[in-house]
Amino acid sequence: MEVASVPGDSSVPPWSGSVLGVLASLWSSSSLEELKLSLTWKQAADAWVQVRANVVAPVLQVAVALCMLMSVMLVSEKILMGATSLFAKVFRWRPQRRYKYHPLGEDMEVGYPMVLVQLPMYNEKQVYKLSIGAACGLLWPSDRIIIQVLDDSTDPEIKNLVELECKTWKGKGFNIKYEIRDNRHGYKAGALKEGMKHSYVGHCDFVAIFDADFQPEADFLMQTVPFLIHNPDICLVQTRWKFVNSNECMMTRIQEMSMDYHFKVEQESGSTMHSFFGFNGTAGVWRISALEEAGGWKDRTTVEDMDLAVRATLCGWKFVYLGNVKVKSELPSTLKALRSQQFRWSCGPANLFRKIHKEILKTKKVSPRKKIYLIYSFFIVRRIISHTVTFMFYCVVIPSSVFVPEVKVSTWGVVYIPTTITILNSVGTPSSFHLLLFWIFFENVMSMHRMRAVWTGLLETGKVNEWVVTKKLGSKLNEQKTEEPLKQTRLSISGRILLPELGMALYLFVCACYDLRYGKNNYFFYIYPQAITFFIVGIGYVGTLVPS
């Protein structure tokens with residue numbers, strides 16, 4: 001039986017006291033460090049609470065107020081446009097009632113004006129035949145129409161194909177001109193401007209413009225030109241776009257909703273209230289004398305069509321929108337093509353506003369009412385505020401507020417205004433009403449890209465004047481084999497990774513998780529699906545998958 005050691009007992013090793021002392025010292029040191037660490041974290045938490053309450057919360061509350069103000073401006077504009085469009089529909093206040101209009105007789109050969117049809121093209125292998133064929137199929141006296149193909153193609157093979165197509169139609173008796181130039185200065189605006197310099201254009205009264213993927217119906221000129229003939233104060237007749245590939249994928253369905261709203265509400269209301277709207281660059285007919293009076297085509301921005309329209313209205317000309325005349329066209333069906341198009345459509349107007357706002361204020365040919373409409377409604381609210389508030393409010397400010405409980409966001413700003421905007425946007429395409437949630441989340445994702453483009457245009461930095469032609473696929477998708485090499489598909493997807501969108505997806509996911517754990521407003525119901533949408537777009541899994 002062992003006997004317990006007692007102090008002073010010779011059986012106790014002499015070094016044990018030192019070991020126990022060291023252990024006690026280590027224990028005390030560890031406890032002290034834990035205590036210090038605990039105090040440090042507590043101090044940091046207290047400091048964050050102070051900074052959050054005194055610095056972050058006031059700044060975020062100001063951001064909330066600004067976003068709410070911009071939201072009110074946006075929803076008020078949309079309600080006004082919707083009411084005007086509804087008035088025109090209910091009371092049949094159509095252009096045929098507002099202006100003189102007499103249809104041209106089919107057997108009438110004398111009195112038809114000379115019309116130029118311009119078809120600007122750039123490496124349009126998939127659609128050039130459709131466009132040229134549709135232009136040559138227009139009902140109009142053969143001696144009173146000139147088809148002008150403006151080919152800026154850089155691919156020799158495509159250029160030869162387009163030229164051969166023109167020769168084929170010329171051999172059938174059509175007055176078709178194949179025009180090229182030795183540079184691409186000014187892109188589309190440069191090509192249109194160069195096309196107007198040819199001597200035969202001097203004999204023409206009006207010019208109809210169609211992009212390469214547009215296919216007008218045979219009676220297009222019969223329905224549009226009479227407005228220009230009988231109303232000398234009208235310089236532009238714009239028609240509606242009809243999309244042949246709207247059912248291609250979810251992305252094209254969503255685009256159709258936005259574009260139908262643009263034509264059915266924005267264009268209709270602008271034509272009804274102010275006889276002005278932004279020219280869409282295609283599917284329209286211009287009075288050549290008005291085009292020249294406004295200064296012709298300019299390449300100072302990437303929206304040469306809107307630039308010309310604003311300058312023409314400042315000269316006192318009126319515009320007419322015909323919603324009942326539809327021209328077949330194609331929506332971008334790949335994410336890359338859509339992003340290129342949306343960057344140009346968002347950056348260009350903002351840059352144009354920077355360059356033309358002084359001219360709008362100084363002009364004496366239009367009323368103060370139209371000046372206010374141009375600056376406030378047409379540019380500031382629709383082209384700047386709409387893209388800025390969509391991203392900043394719904395993707396940054398509201399999600400960030402979950403970390404700052406001192407910040408309060410009114411229910412009407414979070415729920416009622418977005419709901420109103422969403423419902424108003426759905427009226428253009430009632431058949432896609434069930435896709436509204438997908439439309440909301442996808443448009444919020446695209447708003448980040450558009451806002452970046454807007455401020456690039458306003459500040460005139462970066463790729464402000466870069467023109468990327470929207471790629472058309474034509475019938476390529478229908479010809480695509482259903483079985484593609486797996487390696488090609490993987491490369492195609494990996495080549496479309498978008499890091500900013502993935503970064504936003506991660507941030508929103510963190511916000512949603514924090515709100516789920518600590519929040520009281522249940523924002524996570526909205527933030528989670530928004531984060532998922534950012535992630536899906538970030539990995540490029542939208543649109544049609546066409547391996548490169």
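Worth knowing before you read on, the calculation uses all heavy atoms, side chains too, and leaves out hydrogens, waters and symmetry mates. Quick note: residue numbers are just sequence positions, from 1.
Between Glu194 and Lys197 a salt bridge is recorded (basic side-chain N to carboxylate O distance below 4.0 Å). Looking at Arg354 and Glu460, a side-chain N of the basic residue comes within less than 4.0 Å of a carboxylate O on the acidic one, giving a salt bridge. Salt bridge Glu268/Arg94: present, at least one basic N to carboxylate O contact under 4.0 Å. Taking the charged nitrogens against the carboxylate oxygens, Lys159 and Asp151 have no contact shorter than 4.0 Å, which rules out a salt bridge. Salt-bridge check for Lys188 with Asp211: passed, with a basic side-chain N closer than 4.0 Å to an acidic carboxylate O. A salt bridge is defined here as a Lys NZ or Arg NE, NH1 or NH2 lying under 4.0 Å from an Asp or Glu carboxylate O, and Arg311 with Asp307 meets this definition.
At least one side-chain heavy atom of Gln118 sits under 4.5 Å from a side-chain heavy atom of Leu116. You'll find the side chain of Arg240 reaches within 4.5 Å of the side chain of Lys264, heavy atoms only.
When atom types are taken as modelled, the side chain of Ser271 and the backbone of Gln267 share no donor-acceptor pair closer than 3.5 angstrom. With hydrogens and angles ignored, the 3.5 Å screen pairs a side-chain donor or acceptor of Thr252 with a backbone N or O of Ser246. When atom types are taken as modelled, the side chain of Gln341 and the backbone of Lys336 share no donor-acceptor pair closer than 3.5 angstrom.
Residue pairs satisfying the side-chain hydrogen bond (donor to acceptor under 3.5 Å, both in side chains) criterion with at least one member in residues 218-230, sequence neighbours excluded, are listed as follows: Asp219-Gln223. Listed by first then second residue, pairs satisfying salt bridge (Lys or Arg N to Asp or Glu O under 4.0 Å) with a partner in residues 338-349 read Arg339-Glu501, not counting sequence neighbours. Listed by first and then second residue, the side-chain hydrogen bond (donor to acceptor under 3.5 Å, both in side chains) pairs that reach into residues 450-459 are Gln342-Arg450, Thr388-Trp455, Glu443-Arg450, His449-Arg452, sequence neighbours excluded. Sorted by first then second residue, the ring pair (Phe, Tyr, Trp, His ring centres under 6.0 Å) pairs that include residues 117-160, not counting sequence neighbours, are Tyr112-Trp140.
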Worked check of salt bridge (charged side-chain N to carboxylate O under 4.0 Å, His left out) between Glu304 and Lys298
CA-CA 6 Å; Glu304 73 293 325; Lys298 293 185 179 181; over 6 Å; no
Trace of the side chain to side chain donor-acceptor pair (under 3.5 Å) decision for Gln148 with Tyr200:
CA-CA 10 Å; Gln148 187 186 63; Tyr200 54 82; 2.9 Å; yes
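You'll find the ring centres of Phe276 and Phe378 inside the 6.0 Å limit.
For Tyr321, there are no ring pair (Phe, Tyr, Trp, His ring centres under 6.0 Å) partners, not counting sequence neighbours. For the side-chain contact (heavy atoms from CB on, under 4.5 Å) test, residues two or more places apart in sequence or in another chain that qualify with Lys170 are Ile176.
When all heavy atoms of Asn444 and Thr390 are compared, the pair lying nearest together is OD1-CG2, 3.3 Å. Minimum interatomic distance between Cys204 and Val115 (heavy atoms only, all atoms of both residues): SG-C, 4.3 Å. For the pair Thr239 and Val325, the tightest heavy-atom approach, listed with the atom from each and the gap, is CB-O, 3.3 Å.
Heavy atoms from other residues, nucleotides or ligands lying under 6.0 Å from NE2 of His198 number more than 12.
None of Trp317, Phe227, Phe279 except one satisfies the ring pair (Phe, Tyr, Trp, His ring centres under 6.0 Å) rule with Trp286; the exception is Phe279.
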